[in-house]
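As the structure lists them, so they are numbered: ligands from 1, and atoms in each ligand from 1.
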Amino acid sequence: MIRLVLAALLLFIGHAAQAQVVYSAATGATARSPDGKIIVTMRLDGEGRPEYSILRGGHTVIDWSRMGFILADAPKLERNFALERVEEKAIDETWEQPWGERRFIRNHCTEQRVSIREKIGQRRAVTVVFRVFDDGVGFRYEFPEQAALPQVNIVDELTEFAVAESATAWWIPGGEWNRYEYLYNKTPLAEVGQAHTPLTIRTASGLHIAFHEAALVDYSAMWLRRVSGQRLKALLSPSSSGPKVSRKAPFATPWRTLQIADSAPGLYMSDLILSLNEPNKLGDVSWVKPFKYVGIWWGMHLGTETWSSGPKHGATTAETKRYIDFAAANGFRGVLVEGWNKGWDGDWFASGKDFSFTEAYPDFDIVALAAYAKKKGVRLVGHHETAGNIAVYEKQLGPALDLYAKLGIDAVKTGYVADAGGVQALGEDGRIHFEWHDGQVQSRHHLRVVEEAAKRHISINAHEPIKDTGLRRTYPNWVAREGARGMEYNAWGDPPNPPEHEVNLVFTRMLSGPMDYTPGVLSLTGAAGRRIQSTVARQLALYVVLYSPIQMAADLPENYAKHQKPFQFIKDVPVDWSETRVLNGEVGDYATIVRKDRNSDDWYLGAITDEVPRTLQAHLSFLDEGKKYYATMYRDGKNAGFEGDGQSLEIETRPVSRYDTLQLKLAPGGGQAIRISTNLGSRGPRSSPKPKPKKPPPEFDVE
Ligand code: NOJ
Ligand code: CA
């Protein structure tokens with residue numbers, strides 16, 4: 001139900017007295033979250049400039065912050081406005097995810113639409129739509145159809161976020177050459193430069209806020225640049241064509257989002273980004289399957305195999321059969337094969353001109369392999385590395401996806417390995433233009449691929465992607481993406497991922513959506529024998545902590561053969577959940593997450609820490625009353641640690657109930673993974689000999 005609010009105010013502003021009224025604070029349009037705790041106010045300042053503020057529990061969270069646009073071919077859209085109309089409605093609906101961290105999501109918020117129009121000049125109109133949730137705020141601009149502004153060419157967006165209370169920020173640089181693949185900075189907010197989102201902050205009083213966006217469709221991604229003090233401003237990713245965004249009205253911008261919570265776990269539990277996205281546009285998506293996979297991949301990152309043809313070529317028929325057999329024997333649905341197609345010889349990086357997406361190398365019999373996989377109950381996972389050359393890729397997209405569809409390949413990993421600003425796209429002028437991975441052109445490209453794939457019932461997992469903004473709700477076949485430093489950095493990265501990195505991801509990158517991190521390197525060994533800064537127990541925990549509906553077991557089959565016991569957890573862990581809870585966590589320090597299997601009564605727990613050893617408590621009160629469970633715990637053993645003995649692992653199975661509290665001992669850079677099953681006789685390992693009872697080592701602090 002739509003209702004008009006502040007009727008008296010509207011009477012006021014509908015007429016000639018606007019100027020007077022909009023100058024007074026009373027003209028602010030105010031919306032409250034359903035629980036009344038968060039209050040968003042939008043008003044026009046003395047010059048008719050729109051601005052907004054956010055209060056929570058009576059305290060200012062976001063001080064007056066500007067809104068508006070700079071346009072390429074028309075005067076700025078940012079002042080001389082008068083308020084025209086305010087409409088408000090309550091939204092309370094529960095929707096079901098086809099797959100995800102939880103099955104049901106409640107979209108519960110207050111929507112307020114504030115329509116403003118210029119008082120002079122062209123009298124252009126814009127509507128700002130706010131959605132105020134108990135756990136944060138989203139707002140976006142709608143450009144209605146209007147004669148004065150049929151085509152909107154945006155040079156930049158003026159949206160600001162003036163953080164009121166002093167804060168610490170976790171962030172990666174925006175607009176740098178390596179896209180999103182940076183280690184996180186932890187600095188005072190007042191020292192942030194230019195950052196990607198999600199950008200997470202913790203204020204001096206302990207409030208947690210994550211800035212991001214939702215539904216980034218046909219628009220350029222928002223970076224945040226600090227303009228002064230703690231005032232951040234939207235900065236749109238560039239475009240080769242001048243304006244960063246060109247759209248015909250009517251259209252709406254992506255939602256600018258602030259998740260606001262008392263704790264880091266509270267941030268993670270917020271679903272507002274998903275709820276701000278449009279519902280599923282694809283209809284029946286039962287063909288989108290969450291799955292685990294192995295693949296011809298880690299060998300290339302180790303340098304023992306190559307993508308290119310030659311004596312070390314990884315994607316051979318024989319090698320792929322070996323992986324298919326391994327997948328079939330261990331219950332993995334997918335086998336990814338990289339380097340199967342022509343074009344990898346020579347300098348493919350940032351070029352991509354030679355890639356064929358329909359022609360296999362002669363030593364890779366794709367037709368026979370797809371048939372062999374099918375016979376074994378396994379599917380090949382396709383791979384389209386474009387090196388950022390979307391001109392070459394888009395030309396072949398239809399036939400490339402047709403080929404996969406014909407062969408029963410229903411998931412494709414795409415890749416855009418090129419420096420930021422190095423995406424090569426065909427312009428309307430018939431020439432190649434260099435674009436950004438997160439600019440408008442690339443946002444269109446990704447959706448084009450996802451839509452074409454959906455027509456053929458194929459799912460997409462994009463690497464070097466545009467950031468996730470919850471579009472999986474609208475396009476559930478966009479199952480995962482990379483978009484941060486993943487496991488590959490542990491093979492060759494300089495530096496490799498320190499323990500803190502994965503903990504940082506939980507309350508930053510992971511707030512945006514699933515990541516194809518590719519965990520499970522149980523050998524803990526990167527290229528040239530380099531030690532991965534992790535423990536075996538932690539590798540297992542990552543399957544629960546870093547959510548994705550597709551999870552790779554990234555290590556080589558021969559390495560899993562050497563680590564059968566921990567490998568059992570990778571075989572057992574599901575990838576689709578009916579519930580998710582964060583039991584504890586601090587940004588950049590530690591996190592414990594539990595998830596309930598979508599297809600059974602079993603729960604799984606993952607806990608990870610940074611380089612600091614800790615003992616975390618896990619209250620099992622999420623378990624059902626009266627049910628008997630068995631917990632199989634994979635925990636860091638004696639002397640375990642990212643610098644100590646990474647292989648040191650204790651496995652123990654014992655009965656538990658919802659009244660138990662587990663003490664999770666995590667070694668430096670370590671972790672713990674637990675399968676909590678109602679079924680002792682299941683696939684999980686039987687109880688291994690109990691470790692002798694001993695006192696906690698002194699380096700473990702008890703939380
Ligand atoms: C980068 C991707 O992240 C990685 O997984 C892939 O193996 C290479 N590109 C080659 O496509
Ligand atoms: Ca990558």
Side-chain angles (χ1 to χ4, degrees), residues 177-182 293-309 312-315 319-320 323 334-357 360-361 364 380-390 392-393 400 411-420 422-423 437-438 442 446 449 460-468 479-494 496-497 501-502 505 509 514-521 526-527 532 542 546 548 550-556:
W177 70 273
N178 210 12
R179 308 169 306 269
Y180 303 104
E181 296 174 18
Y182 288 92
Y293 69 103
V294 293
I296 299 179
W297 180 78
W298 187 238
M300 277 86 93
H301 290 275
L302 296 178
T304 53
E305 291 181 309
T306 56
W307 286 279
S308 55
S309 63
K312 293 204 297 179
H313 188 211
E319 179 73 338
T320 308
Y323 272 81
V335 175
L336 168 72
V337 188
E338 296 198 359
W340 68 275
N341 58 321
K342 291 183 182 164
W344 291 90
D345 300 321
D347 193 9
W348 61 272
F349 178 92
S351 153
K353 64 181 182 1
D354 299 325
F355 279 129
S356 164
F357 299 98
Y361 277 125
F364 183 79
L380 294 178
V381 174
H383 187 232
H384 289 163
E385 174 57 64
T386 68
N389 195 329
I390 65 169
V392 165
Y393 185 39
V412 178
K413 170 175 171 177
T414 58
Y416 298 87
V417 174
D419 287 359
V423 169
H437 282 73
D438 55 356
Q442 193 65 344
H446 280 291
V449 173
I460 295 294
N461 164 28
H463 277 231
E464 300 77 51
I466 195 166
K467 65 185 169 184
D468 198 344
V479 286
R481 67 188 91 193
E482 189 188 42
R485 264 172 160 251
M487 180 63 78
E488 61 189 8
Y489 279 82
N490 290 333
W492 42 256
D494 183 18
N497 295 336
H501 177 62
E502 287 149 351
L505 288 177
R509 160 68 181 81
M515 176 175 177
D516 186 35
Y517 186 79
T518 68
V521 178
I532 294 179
L542 294 177
L546 301 180
S548 173
I550 59 162
Q551 288 279 23
M552 188 178 202
D555 212 340
L556 309 173

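- Looking at Glu338, Arg485, Glu181, Met552, it is Glu338 that brings a heavy atom closest to atom 8 (C) of ligand 1.
- A 4.5 Å side-chain heavy-atom check between Glu488 and Thr518 finds every atom pair outside the cut-off.
- At least one heavy atom of Glu464 sits under 4.0 Å from some atom of ligand 1.
- At least one heavy atom of Trp344 sits under 4.0 Å from some atom of ligand 1.
- Heavy-atom contacts of His463 reach the following atoms of ligand 1: 2 (C), 3 (O), 5 (O) (cutoff under 4.0 Å).
- Side-chain contact between Trp348 and Val417: present, with at least one pair of heavy atoms (C-beta onward) separated by less than 4.5 Å.
- Atoms of ligand 1 found under 4.0 Å from any heavy atom of Glu385, numbered from 1 in the order shown, are 9 (N), 10 (C), 11 (O).
- Taking every heavy atom of Val417 and a limit of under 4.0 angstrom, the matching atoms of ligand 1 come to 1 (C), 9 (N).
- Here the two rings, on Phe355 and Tyr393, have centers that are 6.0 Å apart or farther.
- Contact annotation: the side chain of His446 approaches that of Tyr416 to within less than 4.5 Å [non-hydrogen atoms, C-beta and beyond].
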**Request:** Determine, step by step, whether Trp307 and Asn341 satisfy the side chain to side chain contact (heavy atoms under 4.5 Å, CB included) criterion, reporting the C-alpha distance in whole Å, the side-chain angles of both residues, the deciding distance to 0.1 Å, and the verdict.
**Result:** CA-CA 9 Å; Trp307 286 279; Asn341 58 321; over 6 Å; no

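- No option in Gln551, Lys413, Arg481, His463 other than His463 meets the side-chain hydrogen bond (donor to acceptor under 3.5 Å, both in side chains) test with Asp516.
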**Prompt:** Between Tyr489 and Glu181, is a side chain to side chain contact (heavy atoms under 4.5 Å, CB included) present by the stated rule, with each step listed?
**Reply:** CA-CA 9 Å; Tyr489 279 82; Glu181 296 174 18; 2.7 Å; yes

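- Considering backbone and side-chain atoms alike, Trp297 places an N or O below 3.5 Å from some N or O of ligand 1.
- Within ligand 1, the atoms closer than 4.0 Å to a non-hydrogen atom of Glu488 are 1 (C), 2 (C), 3 (O), 4 (C), 5 (O), numbered from 1 in the order shown.
- Using a 4.0 Å cut-off to heavy atoms of Glu482, the atoms of ligand 1 that qualify are 3 (O).
- Of all the atoms in ligand 1, the ones that sit under 4.0 Å from a non-hydrogen atom of His383 are 11 (O).
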